[in-house]
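Below is one structure, written out as structure tokens; the observations come after it.
Predicted, not measured: the structure shown is a model, and the values here were computed from it. Here is the naming used below: chain letters follow the sequence lines, and residue numbers restart at 1 for every chain.
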Protein chains: 2
Amino acid sequence: MAGASRRGPYICGIDAAMDVVSGKWKGLILWELNAHRVRRFAELRRGLNGVSEKMLTQHLREMEADGLVHREVYPEVPPRVEYSLTVHGRTLNQALAPLGAWGSERIQREGSEVVDAAGA
Amino acid sequence: MAGASRRGPYICGIDAAMDVVSGKWKGLILWELNAHRVRRFAELRRGLNGVSEKMLTQHLREMEADGLVHREVYPEVPPRVEYSLTVHGRTLNQALAPLGAWGSERIQREGSEVVDAAGA
DNA sequence: CAGGATCCCTTAGGATACTG
DNA sequence: CAGTATCCTAAGGGATCCTG
């Protein structure tokens, strides 16, 4: 599968986590599913403004394979599929929180000087 | 510049943080510099087994531009350059810690069943 | 509605050779 | 030693069309 996770031998935890999170929309999908608990395909598409059907499907499938997302199919017509986070998805979201905070701070001070506390 | 950070408008903190961390070796560089405090180019290369000179330079330059890494050049011969983390680099490392822990746990249970606590 | 299939473009990543 | 320059491949991402 194209774009699937490596699942290869990892050097460290960051490595393994990044492997699972890398992908243009995965962070947002996590965010969306965490905020709404349950979302349908079309709802997610609207939430992730600009994502193509292919990419959304692909990311969703990878995240499902990685055990982050649960996919519930209702055998109805018209078809209905609901996505939600698994417990792993939720713990990942929590682990991501500090990083999100760091990023937010970074956005705040965008443009200000960059400190240097290197060797000095 | 190829592979440079977007620095574009970010949707959320995760987005901004991921932008700065994405890159095959950045996590490891952060790790190396955090562990050793100061590293020379060749030392980093050895630490990051398999990285090419080009990629190491490229990543280092991007991280420098992002204010994560400090580059100290000693005008000697033979040339000597020392890399270290800035305070931003160190806080990023701290923000990354929970994610690293999550990834480590994930590696541990590799192969075990993937829980499903979705809609149920 | 949800998504599979296909084609195409852009980007990340890497090998190698050369230089201050 | 610490890069820079160049070339190449692989993977990520996306548009569009088609189907259960």
Side-chain angles (χ1 to χ4, degrees), chain A residues 1-8 11 15 18-29 32-33 38-66 69-84 119, chain B residues 1-8 11 15 18-29 32-33 38-66 69-84 119:
Chain A
M1 178 198 293
S5 301
R6 296 200 335 250
R7 295 172 171 293
I11 300 148
D15 195 19
M18 291 294 296
D19 185 27
V20 145
V21 167
S22 65
K24 188 167 182 182
W25 307 94
K26 291 192 180 176
L28 280 307
I29 293 175
E32 273 286 312
L33 289 182
V38 167
R39 295 260 94 173
R40 296 185 59 180
F41 188 84
E43 291 176 324
L44 278 174
R45 262 207 90 182
R46 280 188 289 274
L48 283 56
N49 213 318
V51 71
S52 68
E53 296 170 0
K54 174 193 150 189
M55 290 314 300
L56 182 53
T57 301
Q58 187 175 305
H59 278 147
L60 248 13
R61 287 296 144 81
E62 288 173 22
M63 293 172 78
E64 192 190 356
D66 286 332
V69 162
H70 173 72
R71 180 168 178 263
E72 188 72 46
V73 182
Y74 297 89
E76 309 170 351
V77 48
R80 181 161 62 101
V81 179
E82 290 186 345
Y83 293 93
S84 55
Chain B
M1 178 197 290
S5 302
R6 296 201 335 251
R7 293 172 171 292
I11 299 148
D15 195 18
M18 291 294 296
D19 185 27
V20 145
V21 168
S22 66
K24 189 168 181 181
W25 307 94
K26 290 192 180 176
L28 279 308
I29 293 176
E32 274 285 313
L33 289 183
V38 167
R39 295 261 93 174
R40 296 184 59 180
F41 189 84
E43 290 175 325
L44 278 173
R45 261 209 92 180
R46 279 188 290 274
L48 281 58
N49 213 317
V51 71
S52 68
E53 296 169 1
K54 174 193 149 188
M55 290 313 300
L56 181 53
T57 301
Q58 186 176 305
H59 278 147
L60 249 11
R61 287 295 143 82
E62 288 174 20
M63 294 172 78
E64 191 190 355
D66 286 332
V69 162
H70 172 71
R71 180 168 179 263
E72 187 73 43
V73 182
Y74 296 88
E76 309 172 348
V77 47
R80 182 161 61 103
V81 178
E82 289 186 346
Y83 293 93
S84 55

- prompt: At what distance, to the nearest 0.5 angstrom, does NZ of B:K24 lie from CG of A:D19?
  reply: 11.0 Å
- prompt: What nucleotide, of C:dG3, D:dG13, D:dG3, holds the atom closest to the side chain of B:R71?
  reply: D:dG3
Nucleotide D:dC1, atom P - distance to CD of B:E76 in whole Å: 14 Å
query: Of all the choices, D:dG13, C:dG3, D:dG3, which nucleotide is nearest to the side chain of A:H59 once you look at every atom?
result: D:dG13
field: Nearest-angstrom distance from the residue atom CG of B:L60 to C1' of D:dT4
entry: 14 Å
Side chain proximity check, A:Y83 to A:V69, heavy atoms < 4.5 angstrom: yes
Only pairs under 3.5 Å count here: list side-chain donor-acceptor contacts from residues 46-57 of chain B, not counting sequence neighbours, and write none if there are none.
| from | atom 1 | to | atom 2 | distance (Å) |
| --- | --- | --- | --- | --- |
| B:S52 | OG | B:M55 | N | 3.2 |
| B:E53 | OE2 | B:R45 | NH1 | 3.2 |
| B:T57 | OG1 | B:E53 | O | 2.9 |

- prompt: Of all residues at least two apart in sequence or in a different chain, which pass the side chain to side chain donor-acceptor pair (under 3.5 Å) check with B:R39?
  reply: none
task: Would you mind reading off the distance between B:R39 atom CZ and D:dC1 atom C1', rounded to a whole angstrom?
output: 16 Å
message: Considering every strand and a 4.0 Å limit on heavy-atom distances, what is the contact class for B:Y83: base, sugar-phosphate, or nothing?
response: sugar-phosphate
- prompt: Atom CG of A:L48 and atom P of D:dG13: how far apart are they, to the nearest Å?
  reply: 13 Å
message: Distance check needed: C:dC9 P versus A:K24 NZ, whole Å only.
response: 17 Å
field: Pairwise side-chain contact, B:E62 with B:K26, heavy-atom cut-off 4.5 Å (strictly under)
entry: yes
message: Without decimals, in angstroms, what is the distance between B:E72 CD and D:dG3 C1'?
response: 17 Å
message: Pick the closest DNA chain C nucleotide for B:M55 and for A:T57 by heavy atoms, then say which residue is nearer the 5' end.
response: A:T57
- prompt: How bent is the helix from C:dC1-D:dG20 to C:dG20-D:dC1, comparing axes over its five end pairs at each side, to the nearest 10°?
  reply: 50°
message: Could you measure the distance from the CE atom of B:M63 to the CG atom of B:L33? Nearest 0.5 Å is fine.
response: 6.5 Å
- request: Select one nucleotide: of D:dG13, C:dC1, D:dA2, the one nearest the side-chain heavy atoms of A:P78.
  value: C:dC1
field: Residues that B:E32 engages under side chain to side chain donor-acceptor pair (under 3.5 Å), provided they are two or more places apart
entry: none
- request: Name all residues meeting the salt bridge (Lys or Arg N to Asp or Glu O under 4.0 Å) criterion together with B:R80; count only those two or more places apart in sequence or in a different chain, and write none if there are none.
  value: B:E76, B:E82
query: In whole angstroms, how far is the P atom of C:dG4 from the CG atom of A:L56?
result: 11 Å
- request: Please list, chain by chain and in numerical order, all residues satisfying side-chain contact (heavy atoms from CB on, under 4.5 Å) with A:V77, sequence neighbours excluded.
  value: none
message: Heavy atoms within less than 4.0 Å of DNA chain C: which residues of residues 40-47 of chain A have one? Give them sorted by number.
response: A:R40, A:F41, A:A42
Tabulated below should be each protein N or O lying under 3.5 Å from an N or O of nucleotides 15-20 of chain C; please produce it.
| from | atom 1 | to | atom 2 | distance (Å) |
| --- | --- | --- | --- | --- |
| C:dA17 | N6 | B:E53 | OE1 | 3.3 |

